[in-house]
Asker: 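Let me begin by handing over the structure; questions about it come next.
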Amino acid sequence: MFNLENIVRKNILALKPYSSARDEFSGKEGIFLDANENPFGELNRYPDPYQRDLKQKLAGLKSIQADNIFIGNGSDEVIDLTYRIFCEPGKDNVILCPPTYGMYEVSANTNNVVVQNVSLSNQTFQLNTERILAAITENTKLIFVCCPNNPTGNGVKWADIKRILEGFNGIVVVDEAYIDFASYNSLITRLPDYPNLLIMQTFSKAWGLAGARIGIAYADSRIISLFNKVKPPYNVSELNQKAALTALDNYTEFEKRKGLILKERSLLINKLEELSQVKKIYPTEANFMLLEVENAEAVYNNLVGKKIIVRNRSSLVKNCIRITVGSAEENQKLVEAFKQLYA
Ligand SMILES: *Cc1c(COP(=O)(O)O)cnc(C)c1O
């Protein structure tokens, strides 16, 4: 049985959180002499610590309650807080499924949490569900699943995620950073059925706000309360909250840009597929693709020489580079550069 209290660190359960000025009085009207702010200027006031306006808008868009939403200073903060809430340093462990996003491991290391790697399957990069379930120990607190996965681009099967959710009494973190580019839907609608499901999304990719640092966690409201307890009081700046609100108010623009990127993605795949320099393009559900070439290091350096920067992912998947879908013009330049590779 999943029991949240059993898997939260004892010190976090007992934690009495900092109570900020805006916790103690959250009204909007009045003469505010309580937070040692400067009365002059434009960004002189502390931001809403719970990002209520932003959560309300997001809740409407995602058909979910605001108390199922946590906003972090990028997904990076969400990942770090997840470790800090659930994993006892030097004792607990997490299961990661490489090749995948590097921050899960870095954050485990900064929090002194043991990583158990259960690789995705070769070539298709699906979850090795049996091996994941077999790797679970009484100190396993988190299992990270990235879907669509970075850097491979594919989605993993819902049936496999479901088996892990049902066979694990800890938290299953499903990172949906690229979900808006995928041909399948977010797992958000499954949240009511799985109290141990934590979904991460971000404004950094499809929403085009990487510079604003807005990461999101969707989960059971009791999990969200733990995040609110542990987070720094004013973790999302006023400017960043406004940027996200503005983006949400321009939903048609979001859809338009996303459509352009998806169109460019298929054009780019078609063009790259024709080239002898490209050995394989892995199927993608994201705004990037993993490409196998003869010699990734050489290709990477050659492209850098032409001021085109891609990501060499050879250390994760042999001779593979990861290419982000850019603008039509950028993609055209990339294809031209590829054609000249061995010329
Ligand atoms: C880009 C990316 C993120 C986003 O991180 P932010 O801190 O929100 O910018 C999260 N997860 C994965 C797998 C990513 O590739």
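Note that this is a predicted model, so its numbers are computed, not measured. Ligands are counted one by one from 1 in listed order, and the atoms in each one are counted from 1 as well.
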Asker: CZ/R22 to CD/E37 distance, rounded to the nearest 0.5 angstrom?
Answerer: 6.0 Å

Asker: Show the atoms of ligand 1 that are less than 4.0 angstrom away from any heavy atom in S204.
Answerer: 6 (P), 8 (O), 9 (O)

Asker: How far is atom 7 (O) of ligand 1 from its nearest protein heavy atom, and which residue and atom name does that atom have?
Answerer: R213 NH2, 2.6 Å

Asker: Please report which non-hydrogen protein atom sits nearest to atom 1 (C) of ligand 1, along with the residue it belongs to and the distance in Å to one decimal place.
Answerer: K205 NZ, 1.2 Å

Asker: Say whether Y178 and ligand 1 are in contact under the criterion: heavy-atom distance to a ligand atom below 4.0 Å.
Answerer: yes

Asker: Salt bridge between D180 and K258, side-chain N to carboxylate O under 4.0 Å?
Answerer: no

Asker: Measure up the W207 and F254 rings against each other and bin them: parallel (under 30°), tilted (30 to 60°), perpendicular (over 60°).
Answerer: parallel

Asker: Can you list the atoms of ligand 1 that are under 4.0 Å from a heavy atom of G74?
Answerer: 7 (O), 8 (O)

Asker: Regarding E292 and N319, do their side chains bring together a donor and an acceptor under 3.5 Å, going by distance alone?
Answerer: no

Asker: Would M103 count as a contact of ligand 1 if the rule is a heavy atom under 4.0 Å away?
Answerer: no

Asker: Evaluate the side-chain proximity of Y251 to L61: yes if any heavy-atom separation is below 4.5 Å, no if none is.
Answerer: yes

Asker: With a cut-off of under 6.0 Å to the ring centre and 45° to the axis, is K229 in cation-pi contact with Y18?
Answerer: no

Asker: Does the plane of the ring in Y104 sit parallel, tilted or perpendicular to the ring in F144? Use 30° and 60° as the thresholds.
Answerer: parallel

Asker: With heavy atoms of C146 as the reference, note each atom of ligand 1 found under 4.0 Å away.
Answerer: 13 (C)

Asker: Which one holds for D175 and ligand 1: side chain close, backbone close, both close, or neither close, with close meaning a heavy atom under 4.0 Å?
Answerer: side chain

Asker: By number and element, which atoms of ligand 1 are closer than 4.0 Å to a non-hydrogen atom of A177?
Answerer: 2 (C), 3 (C), 10 (C), 11 (N), 12 (C), 14 (C)

Asker: Just to be sure I read this right, does ligand 1 sit under 4.0 Å from the backbone of E77, its side chain, both, or neither, counting only heavy atoms?
Answerer: neither

Asker: Using a 4.0 Å cut-off to any heavy atom of D76, which atoms of ligand 1 qualify?
Answerer: 7 (O)

Asker: Answer yes or no: is there a donor N or O on one side and an acceptor on the other, between the side chain of S26 and the main chain of D23, under 3.5 Å?
Answerer: no

